[in-house]
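Structure first, commentary second.
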Amino acid sequence: MSHDSYVFEGAAPAEPARDNNPPLSISELSFALKRTLEERFGHVRLRGEISKVNRHASGHVYLTLKDDKAAIDGVIWKGSVRSLGVQPETGLEVIVTGKITSYPARSSYQIVIETMEAAGAGALLAQLERLKTKLRDEGLFEAARKHPIPAFPAVIGVVTSPTGAVIRDILHRIAERWPCRVIVWPVVVQGDAAAAQVAAAVRGFDALPAHGPLPRPDVVIVARGGGSVEDLWAFNDEALARTVAAASVPVISAVGHETDTTLIDFVSDRRAPTPTGAAEMATPVLADLKYALADLSGRLARAGGRLVEDRRTRLLAAARGLPARPEDLLALAQQRLDMAGGRLRSSLQENVSAHRHDFITIAGRLNRGLLDGRIENRRDRLNASAARLPRALKTHTDAKGHTLARVTARLSDEPLKRRLDQRAARLEAVSHRLARWPDNLGRTTERLAALARALGSLDPARPKPGFARVEDADGGWITQAAGLAPGQAVRLVFPDGARGARIDGEGGGEPAASSAPRPRPAKARPPTPGQGDLF
């Protein structure tokens, strides 16, 4: 029988009575497909991103290669692992060579990798790294902005799938450690809708009122079981990360296993390695608290008993040192007071006698002769100063007289007369120049009037008798014959009016020179001597 045609069990043939092909077993079909794959794809070269790596205890490495549309399982046998160019790591983009084969027990195909080389960072992880850098720069990963986890929560909120082992593990762990109220917000934890549902659950828990019909949780746990990078990718959503960071209720992230890391692990208030670990972080151990409380109560009772016993012992010891009667306590002090009172009168008398003796000793030194001697000494010094005073005054007067004579000699009449004569001569010269100023002003006024008359005679806007100004139709002045054309309308302006005219021929020669004399510029007169000195 040829192996090129196969019959699948369970498929009813169109005409069972006429089908002579014997049926194949599942094993025969699986191994036939295996041989076909190995013969057709005996050597392939693939490029993709490693999304999951599992190193088996036997030394074999199982992984998954993927791109943006498909994925394929891969295996590296123990003998080929050491000879690889790079070691497989999650998120690494690689180029591998090997052969395609199938695993008949699971009816799946895979690639047996023989060589591996790096091809760059994975697209998904590169995108995740850029998003992490962006949020880190905004300060969402800072420890200062994170909330502390309450030590004794009364209500715990859990955001996870309602089915599966995760919720059962969390509820079981909370029940055996710290029995309290647990509110589960069911969501999908994988796929396109997972990120939006988890974000809505966190916002919903955060918006609950503190004393409403549904109590507000003291802490929220976002949990999911382990999986590949693609399975956990919903928890790398930027909007979800910002929602967790903005929540006022403390959030514990427990996504994946201990080696799995997602974006909300960095923005949440605490990260748990597993969902069970999150339940342990959120709750204390009630039995431990009871034991600690009982131990503290016992220690308090024992410490109080020891304190009372110590005070009793000290009180009894002090009581044994006291006399039997209260009067005996005051007897010694009363005796000392009586003795001090008896010594007080004699002590006061001795004190007065001592001060009297000191006063007499000092008064003996204050006799009249001592004061008379000091007065005589001061009188002698005053008389000596009075005897020196006339001579000192005469010497000082003579010195000041010499100084006055020198100053008087410098202040004689001759220097003052010379300076007054100089000032008088200068004043007379200025007076002469001021006397000539009206004549100079008159001559200057006449020159200015002559110039004004000359300017009026040369003004073209006012033609002189016998002359006319030629203007074109727009009022512009025509100063040359070349600017005129035959038949052109012009305007002749005379001193007493204006008339229109028209050019009827071409010019035949140079215009006659005007007989009117050209005004001569006024000849500048030399300045009057002495004016520069005045101004």
Side-chain angles (χ1 to χ4, degrees), residues 142-158 169-183 208-212 215-221 248-254 258 268-355:
E142 296 294 333
R145 54 155 297 276
K146 298 189 177 183
H147 306 91
I149 305 301
F152 307 105
V155 180
I156 298 177
V158 180
D169 292 343
I170 292 177
L171 294 177
H172 175 71
R173 195 60 175 161
I174 292 176
E176 68 180 8
R177 287 171 59 88
W178 179 256
C180 63
R181 186 170 184 178
V182 178
I183 303 175
L208 289 176
H211 302 288
R216 188 172 187 263
D218 299 316
V219 62
V220 174
I221 299 175
S248 59
V249 61
V251 178
I252 300 177
S253 64
E258 186 172 1
S268 61
D269 300 296
R270 290 286 296 277
R271 176 184 180 269
T274 60
T276 304
E280 294 176 354
M281 286 183 181
T283 58
V285 180
L286 181 60
D288 292 345
L289 293 176
K290 290 180 178 180
Y291 176 79
L293 183 60
D295 180 63
L296 291 175
S297 299
R299 291 173 59 186
L300 180 61
R302 291 191 296 271
R306 287 194 300 269
L307 182 62
V308 171
E309 187 63 28
D310 179 66
R311 295 296 187 270
R312 181 184 294 110
T313 302
R314 293 173 61 183
L315 180 60
L316 293 176
R320 285 194 297 269
L322 294 176
R325 296 184 307 168
E327 294 81 2
D328 296 340
L329 290 175
L330 303 176
L332 181 61
Q334 188 174 1
Q335 184 179 2
R336 293 175 59 187
L337 179 62
D338 294 340
M339 294 177 65
R343 293 194 301 268
L344 180 60
R345 185 177 183 83
S346 59
S347 298
L348 289 175
Q349 292 177 356
E350 292 177 359
N351 186 40
V352 171
S353 299
H355 283 80

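Values below: every heavy atom of this structure, side chains too, minus hydrogens, waters and symmetry copies.
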Kindly compute the distance separating [atom1] ([X]) from [atom2] ([Y]), expressed to the nearest 0.5 Å.
X: Ser346; Y: Asn351; atom1: OG; atom2: CG; result: 11.5 Å
X: Ile221; Y: Thr283; atom1: CD1; atom2: OG1; result: 7.5 Å
X: Thr276; Y: Met281; atom1: OG1; atom2: CE; result: 11.5 Å
X: Asp288; Y: Trp178; atom1: CG; atom2: CH2; result: 11.5 Å
X: Ile174; Y: Glu280; atom1: CD1; atom2: CD; result: 10.5 Å
X: Thr274; Y: Arg173; atom1: OG1; atom2: CZ; result: 9.5 Å

So do the side chains of [X] and [Y] get within less than 4.5 Å of each other, counting heavy atoms only?
X: Val155; Y: Pro215; value: yes
X: Phe152; Y: Leu289; value: yes
X: Val182; Y: Val158; value: yes
X: Asp310; Y: Arg314; value: yes

Practice task
Go through the steps to decide whether Val249 and Asp218 satisfy the test side chain to side chain contact (heavy atoms under 4.5 Å, CB included), and finish with yes or no.
Solution key: CA-CA 7 Å; Val249 61; Asp218 299 316; over 6 Å; no

Exercise for the section: Assess the side chains of Ser248 and Arg216: does a donor N or O sit below 3.5 Å from an acceptor N or O? Expected result: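 Their side chains do contain a donor-acceptor pair, which is all the 3.5 Å distance test asks for.
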
For a quick test of reading the model, state the closest non-hydrogen atom pair linking [X] to [Y] and the distance between them.
X: His147; Y: Pro250; value: CB-CG, 4.0 Å
X: Ala272; Y: Gly277; value: CB-C, 3.8 Å
X: Pro217; Y: Gly157; value: CB-N, 3.6 Å
X: Ala278; Y: Ala254; value: CB-CB, 3.5 Å

Please check if atom [atom1] in [X] has more than 12 non-hydrogen atoms from other residues, nucleotides or ligands closer than 6.0 Å.
X: Glu258; atom1: CD; result: no
X: Arg299; atom1: CZ; result: no
X: Gln349; atom1: CD; result: yes

Problem - Lys/Arg N to Asp/Glu carboxylate O, Glu309 vs Arg306, below 4.0 Å - result: no

Practice task
Examine distances only and state if a side-chain atom of Lys146 and a backbone atom of Ser268 form a donor-acceptor pair shorter than 3.5 Å.
Solution key: yes

Exercise for the section: Any chance you could lay out the side chain to side chain contact (heavy atoms under 4.5 Å, CB included) test for Ile252 and Ile149, step after step, and finish with the verdict? Expected result: CA-CA 9 Å; Ile252 300 177; Ile149 305 301; 3.9 Å; yes

